[in-house]
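Beneath this line is the structure, given in structure tokens, with notes to follow.
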Amino acid sequence: MQSQVSSQRDGLMRRLGRALTTPFDPEDYLALFDARHSAREIRARVVRVRRETDRAVTLELAPNRLWKPHRAGQYVMLGVDIDGVRQQRCFSLSSAPHDPVLTVTVKANGGGGVSDHLVHRCRAGDLLTLSPAAGDFVLPDPAPERILLLSAGSGVTPVHSIVKSWLSSGQTGRLVWRHFERNYSSLLLGESLRELALDERLDFRLVLSADAPRDGDLAGRLDEHWLTENGLTGSVDDASRPPVFACGPQGFLDTVIDWHRRHGAGPLFHERFQTLSAGGGEGGLMRFARSGGEAPAEAGQSLLEAAEAAGLSPRHGCRMGICHTCKCRVARGRVRDLRNGESRDVVGQEIRLCVHGADGDVELDL
């Protein structure tokens with residue numbers, strides 16, 4: 001223990017020595033003692049890594065003074081240095097605004113990117129960066145007394161935040177929440193869900209498609225028949241017009257939206273975790289105004305992917321069209337929106353590279 005303390009002291013003295021001979025900003029001096037200090041960006045120290053499953057963790061974070069409280073259901077752009085390169089991705093906050101600890105629940109996707117790094121390599125003491133909280137998947141003000149909530153997979157995280165916030169607000173109404181999961185071993189936030197379900201104002205049921213249900217849980221796979229046969233139609237078509245909150249993968253949301261179109265009376269709030277793919281563009285030649293090169297963009301390929309394949313490193317974050325980090329000016333060209341298939345000519349406008357493909361030749365400010 002003594003050698004560890006001595007090593008830490010020696011390390012601090014070396015940093016102080018460098019500081020005395022290097023032009024530092026005031027915040028740089030503060031960062032010598034606590035790396036969260038910054039006047040420019042939100043930084044957060046990982047206080048604890050809580051294992052959810054073999055492929056998921058919940059990170060407990062202590063942000064610096066620049067962090068402003070979020071609204072339940074919002075997301076952040078989380079940044080982490082991987083092999084010396086800052087990488088970012090959007091994650092919904094799983095904690096409610098009133099919780100003493102800010103949390104993000106992350107599931108590895110096997111692609112070797114930010115999610116995999118956080119699940120398999122992140123440790124207590126690591127430093128991350130956060131964007132301000134953003135997103136419109138939030139409770140209206142005032143909060144409704146009755147809500148139907150539907151989630152699947154990682155969609156549990158923002159809905160978990162919304163439910164915790166609603167229950168803590170003193171509401172006397174009722175929440176109906178159905179969460180769809182393949183099996184118990186893949187369930188996120190299981191311990192917290194069991195605690196929330198003890199509140200008599202919440203009717204929570206886990207719906208499993210592979211495991212046999214237990215303890216009042218249900219079996220089934222989401223489709224319009226299941227929603228109708230399990231009594232949820234009556235939850236949305238009465239005179240009170242309760243809102244429906246839904247979050248999950250693309251196919252899940254498509255089913256919910258179609259069902260709500262037929263049976264829903266109140267508003268529908270939803271958030272997707274995957275980019276819609278309505279078909280890419282025909283492809284074309286990309287010209288790079290600043291770097292002076294050109295490269296082909298394949299049909300169906302996003303401009304971000306095409307630029308990376310050409311050896312460029314455009315700024316990007318979520319790769320889903322949410323964070324706007326990859327916005328880039330198009331001098332001229334024809335692009336196709338990968339979310340809805342709309343093709344249009346663009347002159348001197350900014351677009352998000354991750355959700356647009358080339359539908360002809362395109363000149364980018366890269």
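As a basis for the values below, the full set of heavy atoms in this structure was taken, side chains included, without hydrogen atoms, waters or symmetry mates. Fair warning: this is a prediction, and the values are worked out from it, not measured in the lab.
Checking Thr255 against Asp258 by side-chain atom types alone, no donor-acceptor pair falls below 3.5 Å.
The residues Glu145 and Arg174 are annotated as not salt-bridged, no charged nitrogen and carboxylate oxygen being separated by less than 4.0 angstrom. Using a 4.0 Å cut-off between a side-chain N of Lys or Arg and a carboxylate O of Asp or Glu, Arg178 and Asp203 qualify as a salt bridge. Between Arg221 and Asp223 there is no salt bridge, since no side-chain nitrogen of the basic residue lies less than 4.0 Å from a carboxylate oxygen of the acidic one.
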Under 3.5 Å, which donor-acceptor pairs do the side chains of residues 98-105 form with other protein atoms, sequence neighbours left out?
| from | atom 1 | to | atom 2 | distance (Å) |
| --- | --- | --- | --- | --- |
| His98 | ND1 | Ser168 | OG | 3.2 |
| Asp99 | OD1 | Lys164 | NZ | 3.3 |
| Asp99 | OD2 | Ala96 | N | 2.8 |
| Asp99 | OD2 | Lys164 | NZ | 3.0 |
| Thr103 | OG1 | Ser94 | OG | 2.9 |
| Thr103 | OG1 | Ser95 | N | 3.1 |
| Thr105 | OG1 | Thr58 | OG1 | 2.9 |
| Thr105 | OG1 | Ser94 | OG | 2.9 |

Identify all side-chain donor-acceptor contacts of residues 284-295 below 3.5 Å with residues at least two apart in sequence or on another chain.
| from | atom 1 | to | atom 2 | distance (Å) |
| --- | --- | --- | --- | --- |
| Arg290 | NE | Asp365 | O | 3.3 |
| Arg290 | NE | Asp365 | OD1 | 3.1 |
| Arg290 | NH2 | Asp365 | O | 2.9 |
| Ser291 | OG | Leu366 | O | 3.4 |

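A search for salt bridge (Lys or Arg N to Asp or Glu O under 4.0 Å) contacts involving Glu350 returns Lys327, not counting sequence neighbours. Residues satisfying the ring-ring contact (aromatic ring centres under 6.0 Å, His included) criterion with Trp226, sequence neighbours excluded, are Phe180. Remark: Thr228 engages Glu224, Thr233, Trp259, His263 in a side-chain contact (heavy atoms from CB on, under 4.5 Å) (not counting sequence neighbours). Under the rule for a side-chain contact (heavy atoms from CB on, under 4.5 Å), the partners of Asp345 that lie at least two apart in sequence or sit in another chain are Arg334. Residues forming a ring-ring contact (aromatic ring centres under 6.0 Å, His included) with Phe245 (at least two apart in sequence, or on another chain): Phe137, Phe269. Residues that satisfy the side-chain contact (heavy atoms from CB on, under 4.5 Å) test with Val46, not counting sequence neighbours, are Val49, Leu61, Cys122, Asp126, Leu128. Annotation: side-chain contact (heavy atoms from CB on, under 4.5 Å) contacts of Arg121 (sequence neighbours excluded): Ile82, Asp83, His117.
Summarising the hydrophobic clusters (Ile, Leu, Val, Met, Phe, Trp, Tyr; side-chain heavy atoms under 4.5 Å, direct or chained), the residues clustered with Leu198 are none.
When atom types are taken as modelled, the side chain of Trp166 and the backbone of Pro144 share a donor-acceptor pair closer than 3.5 angstrom.
Applying the salt bridge (Lys or Arg N to Asp or Glu O under 4.0 Å) definition to pairs two or more places apart or across chains, those involving residues 299-315 are Glu308-Arg319. Within the structure, ring pair (Phe, Tyr, Trp, His ring centres under 6.0 Å) pairs that include any residue of residues 347-366 do not occur (at least two apart or interchain).
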